[in-house]
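Model, not experiment: these values are computed from the prediction.
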Amino acid sequence: MQLGFYFDQTRCTGCEACVVACKDWKDIPAGSVALCRIASLEEGNFPNPRISFYPLFCFHCAEPPCMDTCPVKAISKRPEDGVVIVAEDLCLPGCRLCLDACPYRAPQFAEDGPARICDLCLDRWEDDGKPICVVACPQRALDAGPLEELSSRYGGEARVKGFPDSDLTRPSILFRNKKP
Amino acid sequence: MSTMGQKRVVTTACVHDCGGKCLLKVHVRDGVITRITGDEGDEPQLRPCLKGRAYRQRIYHPDRLKYPQSRIGERGEGRFERICWDDALNTVAGEMLRIKKTYGPEAILDGSGPANQSLLHGTSRAAVTRLLHMFGGCIGRTGRMSDAAAMAASQYTLGTIHTGSDPEDLLNSRLIILWAWNPAEAIHGTTTNWCLTRAKENGASIICIDPRYSRTAATWADQWIPIYPGTDAAMMVAMAHVMIIEGLHDQAFLDKYTVGFEAFRSYVLGREDGVPKTPVWAEAITGVSRDTIVQVARKYASTKPAALMAGWAMQRTAYGEQVFRASITLSAMTGNLGIPGGSAGGHYELEPCYPEPFGKFPVGPNPVGKTIPINKWADAILLGKAGGYPSDIKMCYITARNFLNQIPTVRKGIAALKKLDFIVVHEQFMTPTALYADILLPVTTFFEREDICLTPTYAIYMNRAIEPLYECRSDLEILTDLALRLGIKGYNDNTEEEWLRSFVPASAIPDFEAFKAKGILHFRAERPRVAFADRIRDPDGHPFPTPSGKIEIYSQQLADLNQPETIPPIPKYIEPWEGRRDPLTREFPLQLLTPHPYQFVHSSFTNVPWLQELERQQLWMNPVDAKARGIKPGEKVRVFNRRGALVVPALITERIMPGVVSLDEGAWLNLDASGTDRGGSVNMLTRDEDTPLGDGATTHSCLVQVEEM
């Protein structure tokens with residue numbers, strides 16, 4: 001089983017409630033660490049501009065390059081649900097090889113702190129909840145769960161425009177694309 | 001209340017001066033808020049936006065005002081000394097008594113604002129107003145910043161400002177025209193955006209008319225139509241022309257429910273002034289092609305039901321009433337007024353969904369029967385009776401309002417604040433306005449007191465989550481204490497809970513304790529409510545609350561005002577001052593828009609780090625205008641006109657039409673030694689002229705020039 005995300009790009013207004021909800025739930029101050037980010041892609045020329053949004057989290061890839069690159073094996077993938085986790089006590093301060101390996105720049109660092117990545121709010125799953133970003137979305141554009149369930153519920157595509165190439169790492173996210 | 005060692009989650013509501021009112025779940029441990037989450041309960045959920053989510057950083061912000069202070073430097077300089085509550089309130093009482101005795105009560109301006117909106121502590125025209133009225137009165141106020149022209153237009157045309165249908169009714173629409181309406185950023189009802197998404201997924205076609213390709217346009221619009229600011233009424237009138245010429249309008253509806261269509265038709269066809277209001281005529285004014293005007297007119301007239309959602313942004317222009325009179329007229333011409341999935345095109349206020357009104361904190365009558373238009377507060381202070389105002393104002397009592405920053409023409413505001421004898425400010429932070437206080441008093445946030453949030457369709461019990469921080473008190477506590485020092489009896493003899501219980505009608509909330517415990521109560525109708533549905537179904541039994549009992553396309557009341565150039569009896573396009581055809585464009589060729597920021601509520605939250613890091617204050621500018629001025633992306637630019645200047649970085653973007661620039665309102669004024677604002681406070685540039693009928697702000701009639709630094 002692999003836990004992952006679903007993102008409906010047609011619904012996202014780019015409001016960033018998810019970004020702030022993540023910071024509050026995880027108690028992360030403003031600054032360098034953002035486990036949940038929303039990126040935008042602006043295209044076209046006046047009077048036909050276009051802007052679309054997509055998330056940048058840790059997508060708990062099927063083949064996480066961060067894991068292979070970590071010299072001290074601080075990063076692992078849980079066999080039971082495929083969630084990628086960082087053993088923060090093992091992480092080498094200042095190394096940051098995982099950041100360079102990740103197409104989504106997901107590992108986040110505060111000063112000389114260890115790598116931090118989205119953990120899918122595993123604490124909330126225990127209470128039957130979903131990740132805070134999911135329940136925070138006023139537009140119901142995000143969901144999370146076993147990838148197979150998400151796929152059968154929503155269908156979904158492997159990528160959206162602007163999203164870093166997903167063939168290499170096979171991120172655990174499905175998209176509904178906003179059509180041009 | 002002791003909370004040591006306890007973990008609990010309490011319900012409250014985010015009640016800022018925002019179009020939404022959202023439910024917050026406050027996680028408290030040992031008396032400290034550790035997390036704020038949103039509505040995860042029954043639908044319809046009232047999920048908060050990023051501002052409510054970020055509130056913890058606002059409550060515990062290191063810059064919270066912590067104790068009473070007295071000014072020791074010059075006004076605006078920001079030098080204060082800590083004083084005790086006794087000294088602070090004795091000083092305020094002494095000055096109020098002196099000013100009333102010397103100049104009369106009309107020398108006192110009630111500067112209470114809308115920044116906090118709840119039943120008891122919502123200070124807008126409540127706690128301070130009651131105190132001043134009991135004290136002998138104060139100079140009264142007319143108008144407001146947000147929506148005064150829309151209110152006046154709706155009142156005269158439809159007889160009410162309650163012209164909005166429930167947002168869920170959008171799901172019945174086949175066509176939705178979002179005209180200058182930007183709920184994705186400005187928030188217009190907590191559930192509205194979710195309704196728009198579902199309406200779109202239901203198959204509704206959505207058109208967005210706005211000079212900016214906003215998040216609203218980006219999310220929902222099938223078609224975006226950029227239009228020059230201040231010219232929306234011209235496009236509407238030209239759409240009426242298309243409908244009349246092509247016979248697309250609903251004559252039966254007009255005959256049955258309206259008066260004065262013939263006069264409007266005569267104006268549209270040019271019989272009144274020799275100028276037919278054709279799409280060709282409107283193209284030159286609006287920048288919208290004749291073909292597009294024809295296409296939208298045909299689509300609106302032939303798709304039913306269709307909702308023309310008129311946004312307040314376009315009525316904050318020189319003759320802002322006209323565009324709302326015109327939008328109501330179009331909705332009548334297409335027969336979309338009062339039907340499910342339609343829209344009246346008016347002010348958008350919802351009728352309450354409970355039978356019996358809630359009580360309000362009573363303000364009582366104002367013994368002083370004189371008023372000033374509030375948007376011209378600075379002008380009134382500076383010019384006084386000699387300038388035609390009814391009073392020489394000497395003192396201002398300011399609560400829940402960043403007066404200086406959020407009302408047009410800041411430089412005039414600074415001069416006015418420097419001229420006053422005495423200024424009291426209740427605040428949570430050292431805002432640009434607070435810098436001018438003589439006595440500055442720290443107030444609690446709504447997390448530190450009990451209250452009720454009431455909207456037309458739901459109520460939220462606002463439990464106190466934490467004890468008041470530092471030496472903060474609520475406005476009501478401060479004014480209760482002050483009332484005693486002024487010798488006013490009976491200002492406040494109730495506890496918070498006694499007041500709240502007295503406000504709640506048993507028919508709406510039969511079990512107060514259960515409401516308090518559950519935190520939320522929806523008053524929803526079975527089906528989405530449609531404004532004016534009964535008046536359309538049964539016009540004889542339910543006439544419109546206008547003098548004629550009908551929709552007044554022609555208003556005799558307006559005709560009787562005898563100001564046809566600025567307040568015509570039929571809706572017209574009136575060429576705005578500081579529009580794109582004003583001769584002033586030779587010097588200041590760009591039209592400035594000042595939209596609501598998506599991450600702040602006006603000037604509240606602008607100091608919250610979680611929100612500050614998302615998007616910086618920047619001037620939107622089309623590449624065409626940037627290139628002509630040699631401006632590169634991200635570069636600092638100087639934006640100026642004769643009223644002032646500010647410096648901000650430029651965002652060069654295809655998402656705004658050439659000839660128009662845009663800078664979010666709300667950023668705090670930060671003047672440098674030369675008097676240029678480095679904070680990006682837009683009201684440095686805006687003009688303090690009001691709309692002619694409603695005394696509404698005209699901030700979107702504003703010409704500027706931009707240059708590289």
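- Within the 4.5 angstrom heavy-atom criterion, no atom of B:Q599 approaches chain A.
- Note: B:N193 leads B:V608, B:N193, B:T216 in heavy-atom pairs under 4.5 Å with chain A.
- The heavy-atom pair separating B:W194 from A:R11 by the smallest distance is CH2-NH1, 3.6 Å.
- Between the side chain of A:K23 and the main chain of B:A54, no donor-acceptor pair closer than 3.5 Å is present.
- When all heavy atoms of B:P48 and A:A17 are compared, the pair lying nearest together is O-CB, 4.5 Å.
- Under the salt bridge (Lys or Arg N to Asp or Glu O under 4.0 Å) rule, A:D24 has a single partner from B:R35, B:R56, B:R58, which is B:R56.
- For A:E148, the CD atom is loosely surrounded, since the number of other residues' heavy atoms within 6.0 Å does not exceed 12.
- Chosen from A:N45, A:T10, A:V19, A:N48, the residue pairing most often with chain B at heavy-atom distances under 4.5 Å is A:N45.
- Of all heavy-atom pairs between A:P29 and B:W610, the closest is C-NE1, 3.7 Å.
- Heavy atoms of B:T191 lying under 4.5 Å from chain A are absent altogether.
- Between B:L50 and A:E16, the shortest heavy-atom distance links the atoms CB-O, 3.8 Å.
- The candidate from A:A136, A:A21, A:P138 with the greatest count of non-hydrogen atom pairs under 4.5 Å with chain B is A:A136.
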(message) Checking B:W220 against A:T13 for the side chain to side chain contact (heavy atoms under 4.5 Å, CB included) test, could you report, in this order, the C-alpha distance in whole Å, the side-chain angles of both residues, the deciding distance, and whether it holds?
(response) CA-CA 9 Å; B:W220 297 296; A:T13 66; 4.1 Å; yes
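- Only the backbone of A:C12 comes within contact range of chain B, with heavy atoms under 4.5 Å apart.
- Across A:Q9, A:R140, A:Q139, A:R37, the residue that shares the most heavy-atom pairs under 4.5 angstrom with chain B is A:R140.
- When all heavy atoms are compared, the tightest approach of A:I51 to B:R655 is CD1-NH1, 3.2 Å.
- Remark: A:C15 SG to B:E185 CD distance equals 10.5 Å, nearest 0.5 Å.
- For the atom pair A:W25 CH2 and B:I36 CD1, the distance stands at 12.5 Å (nearest 0.5 Å).
- By number of non-hydrogen pairs under 4.5 angstrom with chain B, the leading residue of A:C137, A:A141, A:C18 is A:C137.
- A salt bridge links B:E201 with A:R176: the closest approach of a Lys/Arg side-chain nitrogen to an acidic carboxylate oxygen falls below 4.0 angstrom.
- Here the side chains of B:L614 and A:V20 are in contact, with some heavy-atom distance below 4.5 Å.
- Around the CG atom of B:D42, the shell of radius 6.0 Å holds no more than 12 heavy atoms that belong to other residues, nucleotides or ligands.
- Interface residues of residues 58-89 of chain A toward chain B, defined by a heavy-atom distance below 4.5 Å: none.
- Scanning both residues, B:W224 and A:P49, for their nearest heavy atoms gives CZ3-CD, 3.4 Å.
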(request) Could you check B:T37 against A:I132 for side chain to side chain contact (heavy atoms under 4.5 Å, CB included), going step by step and ending with a plain yes or no? (result) CA-CA 8 Å; B:T37 56; A:I132 194 74; 3.9 Å; yes
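- Among the candidates B:N622, B:I656, B:T197, the residue making the largest number of heavy-atom pairs closer than 4.5 Å to chain A is B:T197.
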